[in-house]
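Below is one structure; the comments refer to it alone.
Here the structure is a predicted model, which is why all the values come from computation and not from measurement. Just so it is clear, the values below take in all heavy atoms, side chains as well, and ignore hydrogens, waters and symmetry mates. Residue numbers count from 1 along this sequence. Note that ligands are numbered from 1 as they come in the structure, with each ligand's atoms numbered from 1 the same way.
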Amino acid sequence: MDQPNLIDYRLLVDNMTTAILLADRDLNVFYLNSACEALFDVSLLRASGQPVLNLLHMPNDEFNTQDALRNTLSTGQPYTRREATISVNFKDIHVDYTVSALNYDKPYHPLLIIELNPRDRMLKISKEENFIQQHQVARQLIRGVAHEIKNPLAGIRGATQLLARSLNDPEYAEFTDIIISEVDRLRNLADTMLGSRQLPSYQAVNVHEPLERVRSLIANQTKKRVQLIRDYDLSLPDVLADRDQLIQVMLNISVNAVQAMNENKDFFVDEQPQLILRTRIQRLVTINGVIHRSMVRIDIEDNGPGVPEDIIESVFYPLVTGRAKGTGLGLSIAQNIMHQHQGMIECQSVPGKTIFSLYLPWEASHVAK
Ligand SMILES: Nc1ncnc2c1ncn2[C@@H]1O[C@H](COP(=O)(O)OP(=O)(O)O)[C@@H](O)[C@H]1O
Ligand SMILES: [Mg+2]
């Protein structure tokens with residue numbers, strides 16, 4: 001491969017996962033890279049020229065950040081702070097950061113380079129990786145069990161049909177019919193546990209198309225009891241996906257939300273049950289160690305009672321259910337489909353606000369063969 005002679009440094013910095021912030025000698029923002037935009041949830045355009053201390057706003061800052069920054073500017077002496085708490089959109093996040101000076105010995109254009117590493121994100125990544133591995137083991141286990149259940153069922157069904165024929169007595173037909181219909185029920189369950197056997201067929205999909213499909217299915221099912229709200233970013237790029245599988249994922253999640261709201265009517269005093277379908281571009285998402293610069297995000301949000309606290313950590317595992325008649329397979333299958341698409345599902349839930357977010361890559365190169 002040819003070695004490029006010239007590296008576009010801006011591109012390089014923008015592709016780094018470390019958040020980089022440059023400040024001028026008046027301690028105003030001069031530049032931030034993409035990771036930094038994502039960290040502070042602000043665009044370069046908006047942040048440019050703003051005081052750096054607005055971003056590095058630290059509640060109860062005993063350490064005088066302003067003095068420390070000025071000190072580095074004047075002496076060139078770098079410093080690092082670990083586990084500093086900064087506040088972004090009223091939420092505390094924990095970062096390690098290093099401040100150093102560029103051109104500090106030339107009096108004209110000294111710049112401060114501030115490199116930030118959010119600690120929370122690191123924790124989240126390792127948790128996710130762990131989760132994905134465990135999820136795959138659990139999926140294999142389930143598939144193995146489903147196979148073992150399915151094999152003898154065909155034999156039982158065939159033998160029962162023979163038995164029914166040779167008995168030729170309507171009185172017994174009732175019993176043989178029960179055996180056959182129960183066997184069929186079990187076979188359907190095993191099929192669900194096995195998941196789709198069809199290989200996904202990828203095509204360019206505008207996610208709003210399957211979303212609208214799901215919306216009308218849910219609207220039909222719930223009549224007007226649930227208010228359906230659309231909040232779409234119509235400029236989203238297409239994703240490469242299996243359309244039918246995407247519909248299954250969106251439907252599994254929406255049906256869960258509707259069930260949670262319908263089965264807990266007491267929860268709604270003043271409000272009406274609501275299902276919000278939202279689409280956005282999400283910057284910098286890490287899935288199984290792969291960093292995606294930007295992904296398509298689909299939120300399915302409801303204002304129901306929330307995922308029961310005792311299963312929130314394990315909702316995506318097969319057979320985990322909070323409902324008496326649940327199978328606990330819906331979310332596990334949905335997560336599996338999303339993994340095949342190099343995407344994932346995330347869940348955050350408190351009473352009154354539950355969001356399942358689907359992330360899908362839109363670059364063709366990230367999609368599995
Ligand atoms: N939007 C939601 N609100 C509250 N609980 C939910 C929601 N989505 C999922 N859950 C919980 O997660 C469980 C697992 O869901 P799922 O895997 O689809 O299995 P099932 O629907 O068969 O129980 C549900 O039983 C329910 O307790
Ligand atoms: Mg379900």
If you measure every N or O of [X] against every N or O of ligand 1, does any of those distances drop under 3.5 Å?
X    : answer
V315 : no
F356 : no
A260 : no
T327 : yes

(message) Can you check which of I333, N256, I355, V258 brings a heavy atom nearest to atom 9 (C) of ligand 1?
(response)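 The nearest heavy atom belongs to N256.
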(message) Other residues, nucleotides and ligands only: do more than 12 of their heavy atoms fall within 6.0 Å of CZ on F30?
(response)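 Result for CZ/F30: open.
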(message) For a quick test of reading the model, state the closest non-hydrogen atom pair linking F267 to P351 and the distance between them.
(response)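 Answer, listing the atom of F267 first, then P351: CZ-C, 4.0 Å.
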(request) Compare every heavy atom of A23 with every heavy atom of V52, then report the nearest pair and how far apart it is. (result)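 Smallest interatomic distance, heavy atoms only, reads CG2-CB, 3.4 Å.
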Can you tell me the protein heavy atom closest to [atom] and the distance?
atom                    : result
atom 5 (N) of ligand 1  : V307 CA, 3.5 Å
atom 19 (O) of ligand 1 : G328 CA, 3.2 Å
atom 17 (O) of ligand 1 : L331 N, 2.9 Å
atom 26 (C) of ligand 1 : G322 N, 4.1 Å
atom 23 (O) of ligand 1 : T321 OG1, 2.5 Å

(request) May I ask whether I300 places a heavy atom under 4.0 Å from ligand 1? (result)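 Under 4.0 Å: no for I300.
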(request) Using non-hydrogen atoms of the residue, decide whether N252 is closer than 4.0 angstrom to ligand 1. (result)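 The answer is no: ligand 1 sits nowhere under 4.0 Å from a heavy atom of N252.
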(request) For the Mg ion (ligand 2), decide whether N256 has an N, O or S atom at a distance under 2.8 Å. (result)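 So N256 does bind the Mg ion (ligand 2) by this criterion.
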(message) Within the 4.0 Å heavy-atom shell around R323, which atoms of ligand 1 are there?
(response)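 The list of qualifying atoms is 20 (P), 21 (O), 22 (O), 23 (O), 25 (O).
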(request) Output the list of atoms in ligand 1 that are nearer than 4.0 Å to some heavy atom of D302, sorted by atom number. (result)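 Close to D302: 1 (N), 2 (C).
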